[in-house]
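No experiment lies behind these values; they were computed from the predicted model shown.
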Amino acid sequence: MAEKVPIWNKAMLTLEEAASYTGIGVNKLRDLSNVEGCNFVLWNGSRRLLKREKLLAYLDNHYSI
């Protein structure tokens, strides 16, 4: 059986993982990643994955969301 990778070591996060990791709600993360030109979202078909490091950089550069 494969080992589970801790969230803080993952490059890509699901909305639920990102919400747990950042404390930001799933709906807010969905709204933020729906913006055209969002640099921290990767679409795998219809599945949305968030680039952990770019998401954290985005949050570091904003006072409020």
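- With rounding to the nearest 0.5 angstrom, the SG atom of Cys38 is 8.5 Å from the NZ atom of Lys51.
- Here the closest non-hydrogen pair linking Asn34 and Trp43 is OD1-CZ2, 4.3 Å.
- Other residues, nucleotides and ligands contribute over 12 non-hydrogen atoms within 6.0 Å of the CD atom of Glu16.
- For the atom pair CG (Leu56) and CG (Asn61), the distance works out to 11.0 Å, reported to the nearest 0.5 Å.
- Note that CG of Leu13 and CG of Leu49 are 8.5 Å apart. Values are rounded to the nearest 0.5 Å.
- Shown here for Thr14 and Arg47, the closest heavy-atom pair between the two residues is CG2-NH2, 3.4 Å.
- The CG atom of Leu32 lies 9.5 Å from the CG atom of Leu50; values are rounded to the nearest 0.5 Å.
- Neither Leu15 nor Tyr21 shares a network with the other; the hydrophobic side chains, linked directly or stepwise wherever heavy atoms of I, L, V, M, F, W or Y lie under 4.5 Å apart, form separate groups for each.
- Residue-environment remark: CH2 (Trp8) stays at or below the threshold of 12 foreign heavy atoms within 6.0 Å.
- Taking OG1 from Thr22 and CG from Leu29, the interatomic distance works out to 5.0 Å, rounded to the nearest 0.5 Å.
- Linking Ile, Leu, Val, Met, Phe, Trp and Tyr whenever their side-chain heavy atoms come within less than 4.5 Å puts Phe40 and Val26 in one cluster.
- Rounding to the nearest 0.5 angstrom, the gap separating the CE atom in Met12 from the CZ atom in Arg48 is 12.0 Å.
- One hydrophobic cluster, built from ILVMFWY side chains closer than 4.5 Å, holds both Val41 and Ile65.
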